[in-house]
**Q** 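First the structure, which I've put down as structure tokens, then a few questions once you've had a look.
What you see is a predicted model; the values in this text were computed from it and never measured.
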Amino acid sequence: MFAAAREGDKAALAAVRRYVKDLALGASALVLTLDPQMVVVGGGFSRSADVLIEPLRRELDRWCIRTPEVRMSALGDEAVVLGAVRLALDDVEERLLDGRSPLASGL
């Protein structure tokens, strides 16, 4: 859909506009509640920053008292996997450095 919108397909552009309005409505509720300085959009959407960022920013301007900076994640599709790896590494480091694990007793 984003690729078609990028190429100027009218139906795709309309679909992206509807999606951005829905996304902005949900995001604005969080922004108004939490007052963050930045909103980061990640996952597969990060490849579509060129058709998503500016419309999202404009929609947030309509709903938010103070619009935060809107950016796309540089991690792209790998964000979830990298987060899971980081959690696993944190757990291993904590167990090894804490001495709670049988792994640490053999060191």
Side-chain angles (χ1 to χ4, degrees):
M1 188 62 63
F2 291 117
R6 190 175 291 114
E7 293 175 10
D9 181 284
K10 291 185 191 296
L13 286 166
V16 169
R17 275 193 299 272
R18 282 191 307 273
Y19 175 73
V20 166
K21 284 183 181 193
D22 290 343
L23 181 63
L25 186 61
S28 66
L30 291 171
V31 168
L32 290 168
T33 302
L34 302 173
D35 193 28
Q37 292 181 356
M38 182 184 300
V39 170
V40 179
V41 180
F45 296 116
S46 59
R47 291 183 304 237
S48 302
D50 58 327
V51 293
L52 196 62
I53 273 289
E54 282 309 313
L56 179 57
R57 190 173 290 133
R58 284 192 305 270
E59 283 298 314
L60 286 175
D61 282 341
R62 291 182 56 212
W63 295 101
C64 298
I65 296 167
R66 187 185 62 79
T67 304
E69 183 178 358
V70 179
R71 303 188 93 187
M72 287 293 174
S73 170
L75 298 177
D77 292 338
E78 292 86 26
V80 173
V81 172
L82 291 173
V85 168
R86 181 71 259 165
L87 283 173
L89 288 172
D90 289 348
D91 185 57
V92 168
E93 288 173 355
E94 182 180 328
R95 288 175 188 228
L96 287 175
L97 297 176
D98 241 3
R100 293 186 295 133
S101 169
L103 292 173
S105 62
L107 295 178

**Q** Looking at CG of L52 and CZ of R6, how far apart are the two atoms once the value is rounded to the nearest 0.5 Å?
**A**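 Here the rounded value is 10.0 Å.
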**Q** Could you state the interatomic distance from CG (L60) to CD (E69), rounded to the nearest 0.5 Å?
**A**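 Here the interatomic distance stands at 12.5 Å.
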**Q** Got a second to check how far F2's CZ is from Y19's OH, nearest 0.5 Å?
**A**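 It is 6.0 Å, given to the nearest 0.5 Å.
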**Q** Is it the case that over 12 heavy atoms from other parts of the model lie below 6.0 angstrom from the CD atom of E93?
**A**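 Yes.
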**Q** With a 3.5 Å distance limit and no angle check, can you tell me whether R66 reaches the backbone of P36 through a side-chain donor-acceptor pair?
**A**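 Indeed, once roles are kept as given, a pair shorter than 3.5 Å links the two residues.
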**Q** Taking all heavy atoms of C64 and all of S28, pick out the closest pair and write down the distance.
**A**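 Smallest interatomic distance, heavy atoms only, reads SG-CB, 3.8 Å.
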**Q** Taking all non-hydrogen atoms of both residues, which atom of V31 and which atom of P68 are closest, and how far apart?
**A**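 That would be CG1-CD, 3.7 Å.
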**Q** Can you tell me if L89 has over 12 outside heavy atoms packed within less than 6.0 Å of its CG?
**A**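 Counting other residues, nucleotides and ligands, CG of L89 exceeds 12 neighbours.
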**Q** Got a salt bridge between D61 and R57, using NZ or NE/NH1/NH2 to carboxylate O under 4.0 Å?
**A**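 So D61 does not pair with R57 through a salt bridge.
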**Q** Kindly work out whether a path of hydrophobic side-chain contacts (I/L/V/M/F/W/Y, heavy atoms less than 4.5 Å apart) joins V20 to M1.
**A**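 The answer is yes; both residues are in one hydrophobic cluster.
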**Q** Is the closest basic N to carboxylate O distance between R17 and E59 below 4.0 Å?
**A**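 Salt bridge: no.
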**Q** Could you tell me the separation between the CG atom of D50 and the CE atom of M72, rounded to the nearest 0.5 Å?
**A**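 Rounded to the nearest 0.5 Å, the CG-CE separation comes out at 9.0 Å.
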**Q** Does the pair R18/D22 count as a salt bridge with the N-to-O cut at 4.0 Å?
**A**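 Salt bridge: no.
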**Q** Can you give me the closest heavy-atom contact between V41 and L56, atom names plus distance?
**A**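 Looking at all heavy atoms of both residues, the shortest contact is CG2-CD2, 3.8 Å.
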**Q** Linking I/L/V/M/F/W/Y whenever any side-chain heavy atoms sit under 4.5 Å apart, do L23 and W63 land together?
**A**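 Different hydrophobic clusters.
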**Q** Step by step, would you call K21 with L25 a side-chain contact (heavy atoms from CB on, under 4.5 Å)?
**A** CA-CA 6 Å; K21 284 183 181 193; L25 186 61; over 6 Å; no
**Q** Any chain of hydrophobic side-chain contacts (each under 4.5 Å) joining V85 to L75?
**A**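 No.
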